[in-house]
Amino acid sequence: MGKRALITGIAGQDGTYLAEHLLEQGYEVVGLMRGQQNPKAPLVRALLPDVQLVQGDLLDQGSLIAALESVQPDEVYNLGAVSFVPLSWQQPALTTETTGLGPLRMLEAIRIVCGIGEGSRSPRPGVSFYQASTSEMFGLVNGSPQNEQTPFHPRSPYGVAKAYAHYITQNYRESYGLFAVSGILFNHESPRRGIEFVTRKVTMNVARIALGMEQKLRLGNLDAQRDWGFAGDYVKAMHMMLQADAPKDYVIGTGVTHSVRDLVRVAFERVGLDWEKYVEVDPQFFRPAEVDTLRADPARAQEVLGWRAETTFEELIGSMVDADLARLSGSCSREYLEIA
Ligand code: GDD
């Protein structure tokens, strides 16, 4: 019998790549979808026809219990969140409810449905739980590169909410013996990335400029540095973490850092243009508190899981520029369907 996985955040970049990866591994995949007539549902059905959808919302405890009861998954991947960092200053309470307390509600749902921690009742076989933690928890970094022991200093309501979710996942593992793990993923991108994030904003606008549809690209802090990898590589690590002998948290990244300035240079080079003629700094994109630099030390994931990033920064950004050129010229394949 193949395994069954439940994915929250199925309509996001990572949800779609993870679903495809698990289907390839022979899983039955169910995605949690919130809202009435969610506008993303048709896109998900078109891109992932073999994925079933179930109603539920990370804000609604009862709906998570009902989803677990009906799906009976072996593995739950919690990828649903408010994930755009600037939005977390505009809607900090919603971010905390979804990104911070959402995972708690899912852990509670697992505990209740499996009958864990309820005295004499014999628990049902456990459900493994994956929490999407983030390098944003390191924030104002306390040492570089960052590994699983590096202290957290989050710099946004989003980072604070993710730190809570990280600790509550660890606590449920220690309190109830749940196979509950967090992947501390550094920035991961793809042609399916939402255009609000800097990589995709850059690649989409580079493509528009190359095609004469745009004159300028306005960005915020060009000095920010990130460890950018390919989302398709990173979802494999999520799956590996739940197959490991023991539940542990893992840092997932490339170990290589680039600045936003490097990003625009590489993206413009892909279309043979000089970035300095097109990029303008616009303070409206500065953040109230910035995460200046991040770099992963993924040694534990390499040693224990045998995972490593397979895609270089140049390959990643090049593929995103190519995909946006194809999209704009109307020759995009199903793989590049706008999803995020
Ligand atoms: N979005 C955006 N737009 N970012 C800009 C811009 C701009 O115009 N100009 C400069 N930046 C800088 C930001 O200030 C930030 O330092 C960096 O580019 C990356 O921004 P994002 O792509 O928005 O990603 P993020 O690092 O804030 O967060 C992403 O990665 C995290 C993992 O570390 C998100 O995917 C988070 O959900 C994820 O947890």
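The first residue in the sequence is number 1, and the count goes up from there. Every number for a ligand or one of its atoms is a count from 1 in the order of the listing.
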V198 to ligand 1: N or O pair under 3.5 Å? yes
What protein heavy atom lies closest to atom 38 (C) of ligand 1? Include the residue and the distance to one decimal. Y158 OH, 3.5 Å
Counting heavy atoms only, name the option from R226, E189, R200, R287 that's nearest to atom 21 (P) of ligand 1. R287
What atoms in ligand 1 come closer than 4.0 Å to a heavy atom of T134? 31 (C), 32 (C), 33 (O), 38 (C), 39 (O)
For ligand 1, which atoms have a heavy atom of S83 less than 4.0 angstrom away? 34 (C), 36 (C), 37 (O)
Could you establish whether R193 and ligand 1 come within less than 4.0 Å of each other, counting only heavy atoms on the residue side? yes
Indicate whether any N or O donor in one side chain lies under 3.5 Å from an N or O acceptor in the other, for R287 and S156. no
What pair of heavy atoms forms the shortest contact from F129 to L242, and how long is it? O-CD2, 3.7 Å
Below 4.0 Å from ligand 1: does a non-hydrogen atom of F286 turn up there or not? no
I'd like to know if E148 and K248 make a salt bridge, using a cut-off of under 4.0 Å between side-chain N and carboxylate O. no
Could you tell me if H188 and D14 have a donor-acceptor pair between their side chains, going purely by distance under 3.5 Å? yes
Given R105, R34, M33, the one that forms side chain to side chain contact (heavy atoms under 4.5 Å, CB included) with D57: R34
Does only the side chain of F197 get under 4.0 Å from ligand 1, or the backbone, or both, or neither? Count heavy atoms. both
A224 neighbourhood, listing ligand 1 atoms whose heavy-atom distance to it stays under 4.0 Å: 16 (O)
Would you mind running through ligand 1 and noting each atom that sits below 4.0 Å from a heavy atom of F84? 1 (N), 23 (O)
Identify, for atom 33 (O) of ligand 1, the protein heavy atom at the shortest distance, and state residue, atom and that distance. S135 OG, 2.4 Å
Please check if the side chain of K162 supplies one atom and the backbone of A132 the other of a donor-acceptor pair under 3.5 Å. yes
In terms of atom number and element, which parts of ligand 1 are under 4.0 angstrom from non-hydrogen atoms of V260? 12 (C), 18 (O)
Backbone of T150 reached by a side-chain donor or acceptor of N147 within 3.5 Å: yes
Looking only at protein heavy atoms, what sits closest to atom 30 (O) of ligand 1 is N187 ND2, 3.1 Å
Salt bridge check: are D249 and R300 linked by an N-O gap of less than 4.0 Å? no
Under 4.0 Å from a heavy atom of V85: which atoms of ligand 1 are those, numbered in the order shown and with their elements? 27 (O), 28 (O)
Between E189 and K201, does any side-chain N to carboxylate O distance fall below 4.0 Å? no
Provide the number and element of each atom of ligand 1 under 4.0 Å from a heavy atom of K201. 7 (C), 8 (O)
Only heavy atoms of N221, strictly under 4.0 Å: list the atoms of ligand 1 that pass. 9 (N), 10 (C)
When only distance counts, is W228 in polar contact with ligand 1, meaning an N/O pair under 3.5 Å? no
Please write down residue, atom name and distance for the protein heavy atom closest to atom 1 (N) of ligand 1. E196 O, 2.9 Å
Residue pair E75, K3: steps toward the salt bridge (Lys or Arg N to Asp or Glu O under 4.0 Å) verdict: CA-CA 8 Å; E75 298 173 2; K3 287 187 183 174; 3.2 Å; yes
Using ring pair (Phe, Tyr, Trp, His ring centres under 6.0 Å), reason through F152 and F138 one step at a time and then give a plain yes or no. CA-CA 4 Å; F152 298 153; F138 296 124; 5.6 Å; yes
Between ligand 1 and T199, is the shortest N or O to N or O distance under 3.5 Å? no
Check the pair Y278, E214 against side chain to side chain contact (heavy atoms under 4.5 Å, CB included), reporting the backbone distance first and the verdict last. CA-CA 10 Å; Y278 301 96; E214 195 69 73; over 6 Å; no
Please work out whether any backbone atom (N, CA, C, O) or any side-chain heavy atom from C-beta onward of E290 is under 4.0 Å from ligand 1, and answer side chain, backbone, both or neither. side chain
Can you check whether G220 has an N/O within less than 3.5 Å of an N/O in ligand 1? yes
Look up atom OG1 in T199 and atom CZ in F313, then write down how far apart they are to the nearest 0.5 Å. 9.0 Å
